[in-house]
Amino acid sequence: THSHSLTLHSLTHTHSLIKRHIECWSDLIEYKMMQKLEVNYSFLFPVLLFLSWFAASTPWLMIDILLNLPFYFFEFANQRLMSVESRVVVLDNGVSCLRFGSFSTDEEAASLVQPKVVENVVCSDGTSTILGLDLPDLRDKSRLVYHRPFEQGVLTDFHLQQLIWTSSFAANGLSLEGAEVVFPIHADAFHRTQTTLAEILFEQFKVEAIALPYACEMVAHSSQISQAVSSSSRSTSSSCGADQGTSTATVAQPQTPTTPAGVASRAEVLPQKRAKRAATSQHVTASGSEGTSIVHRAPKVPRAALVIDSGYSATRIGAVYDGQLDADSVIRLDVGGQTITNYLKDIVSYRHVDVSREQHAVEMMKRDVCCVVSNVHKALRTQRKRNCFDDVSPISIRYCLPDYANVARGFVVPLEAEGSSLQRHQHNDLSTVQLWSERFQAPEILLSPQDIGLDCMGIVDCIHHVIQNAPAAQQPVLASNIHLSGGNANLPGLKERIEMELREVLADDFPLSISSNEIPSQDVFHGAVSAARDASWRQNNMLQRETYAETGWSAS
């Protein structure tokens, strides 16, 4: 009986293995793997048939074990197949989130590639370490200590970053071996950082080629900017609030006092750190008043665009001409999403409840309730006139904080719950706070950093500085083609406020247009995918493994 059951189990398992082998073999034939792999695995097919027939007629367990060996060869072949077909990997290594994805060089639908998003952080709760990959599944996110591989927006801890990369890639089934990697960087990235990145990618992850383009250039490759090229030079002056997506928290739109002209600025104008690229990818031949650029298969980029990349650690503003960033024009403002979150945490802890150690809860609160109003002074006067416990104000919001027992994530208490005494009593049993001016005071530091003692220009002054220092012929073009990207672009009312204040300081005959995509935090990723689809772009910007082995990163 034991021998019979063993034979039956062996035959059943053998049938399953044969089915898997046939599927693997069909995939290899379909994708013509035999011509692409360096090693020819065709000799395994007759061996596989012989072992399958022999194992089907023999109840030996050893034969069943040996039959698994060809399967491992085919698994390896399938991995090589994926690495060959998915040749290009785009890696947007943000301070807050890591976004990555892959596509084949001959895939026509590469523009539809959606990134995998992973928190670029390692957390500690005092007893264990939690990777950012596991953070969404963590129930209790209270009192977590966050460790990021960045300091002031500069990548410093490469060992921690490599740990996050390895775990994230493995969990999503992505391999960089043999792939061409596009790794957007900022214009203020140190040369030592670029050298270390090249060393890690080539020697640790075994990539075939890498490109480190500027992030602002990748934003300029995004689809919405490209569609605005033909109409940017013909745009007329737009009035405040004419853009799509108005803010529900905007109180009024009178004239806003501009920043005093005598404010000292420490916003650093970054020096150009990259050598000039190949003439085929950057030169424009003059023909009359307009130039004719080299034709690529990639979507056409604007003749001139001003990119605002407001991310987690900083905000960078720079001018892009014909797809090339003018690094001398870049201004870095050391106010980003992290600064807004920390300030919101301070004022909520001082006025309501101590949330100084609840980083995740305050981050969610910022995303749920924060907004930019058109006039701060009028909003503050409105707060003083109303009583938040008696009247329903357009600014006031009751927010329920998470306790990670009954409430896993904070949320805004609906207005109908505010009006019902029974529901109000139920919500009072939870930890709720009444937010007023905190909603707009926190993001206001993006426009007026002097409110928290920072001696630097606001985002509107930085934009105006970049436009005024551009060539005279390009100034109206830049003003008519401003693109707002980064996570802070999701703040309701920010685009309208920037447009309103820019309209006051720019010349009256300058057309003004500010655009943003549906998911502005993914602009760099999608722009990099759009650029990497062009074979000539990859040829001009990719550093191959052979070149790196001979001359190192200095060759780029």
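Remember, it's a predicted structure, so these values are computed and weren't measured experimentally.
Taking both residues in full, the closest heavy atoms of Leu98 and Asn93 are given as CD1-OD1, 3.3 Å, listed atom of the first, atom of the second, then distance. The two atoms that bring Pro149 and Gln161 nearest to each other are CG-OE1, 3.2 Å, heavy atoms only. The two atoms that bring Gly153 and Arg316 nearest to each other are O-NH2, 4.1 Å, heavy atoms only. The two residues Ala479 and Phe510 come nearest to each other via the heavy atoms CB-CD2, 4.3 Å. Shown here for Phe103 and Ala532, the closest heavy-atom pair between the two residues is CZ-CB, 3.9 Å. Of all heavy-atom pairs between Ala528 and Met218, the closest is CA-SD, 3.4 Å.
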**OP:** Apply the test side-chain hydrogen bond (donor to acceptor under 3.5 Å, both in side chains) to residues His352 and Glu438: give CA-CA distance (whole Å), side-chain angles for both, the deciding distance (0.1 Å), then the verdict.
**Re:** CA-CA 11 Å; His352 302 286; Glu438 298 87 357; 2.9 Å; yes

Subject >> Verdict with supporting geometry, Leu197 and Leu155, side chain to side chain contact (heavy atoms under 4.5 Å, CB included) >> reply: CA-CA 10 Å; Leu197 285 174; Leu155 181 58; 3.8 Å; yes

**OP:** Any chance you could lay out the side-chain hydrogen bond (donor to acceptor under 3.5 Å, both in side chains) test for Gln539 and Asp534, step after step, and finish with the verdict?
**Re:** CA-CA 9 Å; Gln539 182 180 1; Asp534 184 14; over 6 Å; no

**OP:** In sequence, state the C-alpha distance, the side-chain angles, and the governing distance for Arg497 and Glu444, and then conclude on salt bridge (Lys or Arg N to Asp or Glu O under 4.0 Å).
**Re:** CA-CA 10 Å; Arg497 174 72 176 277; Glu444 184 66 21; 2.8 Å; yes

**OP:** Test Val348 against Val362 for side chain to side chain contact (heavy atoms under 4.5 Å, CB included), laying out the working first.
**Re:** CA-CA 9 Å; Val348 171; Val362 179; over 6 Å; no

**OP:** Verify side chain to side chain contact (heavy atoms under 4.5 Å, CB included) between Arg439 and Cys370, making sure each step is shown before the conclusion.
**Re:** CA-CA 4 Å; Arg439 296 183 57 202; Cys370 281; 5.5 Å; no

**OP:** List the steps and the verdict of side chain to side chain contact (heavy atoms under 4.5 Å, CB included) for Leu380 and Ser437.
**Re:** CA-CA 7 Å; Leu380 290 174; Ser437 61; 3.9 Å; yes

**OP:** Evaluate the side-chain hydrogen bond (donor to acceptor under 3.5 Å, both in side chains) criterion for residues Thr341 and Arg367: first the C-alpha distance (whole Å), next the side-chain angles of each, then the deciding distance (0.1 Å), finally the verdict.
**Re:** CA-CA 9 Å; Thr341 302; Arg367 299 180 184 181; over 6 Å; no

Original post:
Could you go step by step and tell me if Gln434 and Ser396 meet the side-chain hydrogen bond (donor to acceptor under 3.5 Å, both in side chains) rule?
Top reply: CA-CA 7 Å; Gln434 191 80 23; Ser396 174; 2.4 Å; yes

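Without hydrogens or angle criteria, Asp461 side chain to Met457 main chain gives no donor-acceptor distance under 3.5 Å. Here the side chain of Ser349 pairs a donor or acceptor atom with the backbone of Val355 at under 3.5 angstrom. Arg503 places a side-chain N or O within donor-acceptor distance of the main-chain N or O of Ala507, the cut-off being under 3.5 Å. Using a distance-only test at 3.5 Å, with no hydrogens or angles considered, no donor-acceptor pair links the side chain of Arg99 to the main chain of Asp92. No donor-acceptor pair under 3.5 Å is formed between the side chain of Ser448 and the backbone N or O of Ile445. Judged by distance alone, the side chain of Arg398 and the main-chain N or O of Val412 form no donor-acceptor pair under 3.5 Å. Distance alone, capped at 3.5 Å, is enough to place a donor-acceptor pair between the Asn488 side chain and the Gly311 backbone. Asn172 places a side-chain N or O within donor-acceptor distance of the main-chain N or O of Ser168, the cut-off being under 3.5 Å. Formation of a donor-acceptor pair under 3.5 Å by the Lys366 side chain with backbone atoms of Pro443 is not found in this model. Put simply, the side chain of Ser530 never gets that close to the backbone of His526: no donor and acceptor are under 3.5 Å apart.
Partners of Gln338 according to the side-chain contact (heavy atoms from CB on, under 4.5 Å) rule, which considers only residues two or more places apart in sequence or in another chain, are Tyr312, Asn342. For Ile519, the side-chain contact (heavy atoms from CB on, under 4.5 Å) partners are Ser521, Gln522, not counting sequence neighbours.
Salt-bridge annotation for Lys495 and Glu499: absent, with no side-chain N of the basic residue lying under 4.0 Å from a carboxylate O of the acidic one. Note on Arg332 versus Asp188: salt bridge recorded, some NZ/NE/NH1/NH2 to OD/OE distance being below 4.0 Å.
Residue Leu484 forms a side-chain contact (heavy atoms from CB on, under 4.5 Å) with just one option from Leu494, Asn490, Asn517, and that option is Leu494. Shown are Val466, Ile317, Leu325; of these, the side-chain contact (heavy atoms from CB on, under 4.5 Å) with Val330 is made only by Leu325.
Counting heavy atoms from C-beta outward, Tyr343 and Ile452 have side chains that approach closer than 4.5 Å. When side chains are defined from C-beta on, Leu333 counts as touching Pro449, because their heavy atoms get closer than 4.5 Å. Residues Val219 and Ile308 have side chains not in contact (no heavy-atom distance under 4.5 Å, counting atoms from C-beta outward). Using a 4.5 Å cut-off on side-chain heavy atoms (C-beta onward), Ile200 and Trp165 make contact. Using a 4.5 Å heavy-atom threshold, the side chains of Asp334 and Thr315 count as separate. Side-chain contact between Val118 and Cys97 is absent, with no heavy atoms from C-beta onward closer than 4.5 Å. With a 4.5 Å cut-off on side-chain heavy atoms, Val460 and Leu447 count as touching. Residues Ile463 and Ile331 fail the side-chain proximity criterion, which asks for heavy atoms closer than 4.5 Å.
Atom SG of Cys462 is separated from atom NE2 of His464 by 12.0 Å, given to the nearest 0.5 angstrom. Rounded to the nearest 0.5 Å, atoms CH2 (Trp553) and OG1 (Thr196) are 11.5 Å apart. Rounding to the nearest 0.5 angstrom, the gap separating the CD1 atom in Ile210 from the CG atom in Leu91 is 11.0 Å. Rounding to the nearest 0.5 Å places OG of Ser96 at 8.0 Å from CG of Asn120. Interatomic distance, NE2 of His360 versus CE of Met365, reported as 12.5 Å (0.5 Å rounding). We find the CG-CG distance between Asn541 and Leu543 to be 11.0 Å, quoted to the nearest 0.5 Å.
Heavy atoms from other residues, nucleotides or ligands lying under 6.0 Å from CD of Gln468 number more than 12.
Side-chain N/O atoms of Asp523 and His483 include a donor and acceptor closer than 3.5 Å. With 3.5 Å as the limit, one finds a donor-acceptor pair spanning the side chains of Asp368 and Tyr399.
The distance between the ring centers of Phe169 and Phe100 falls below 6.0 angstrom.
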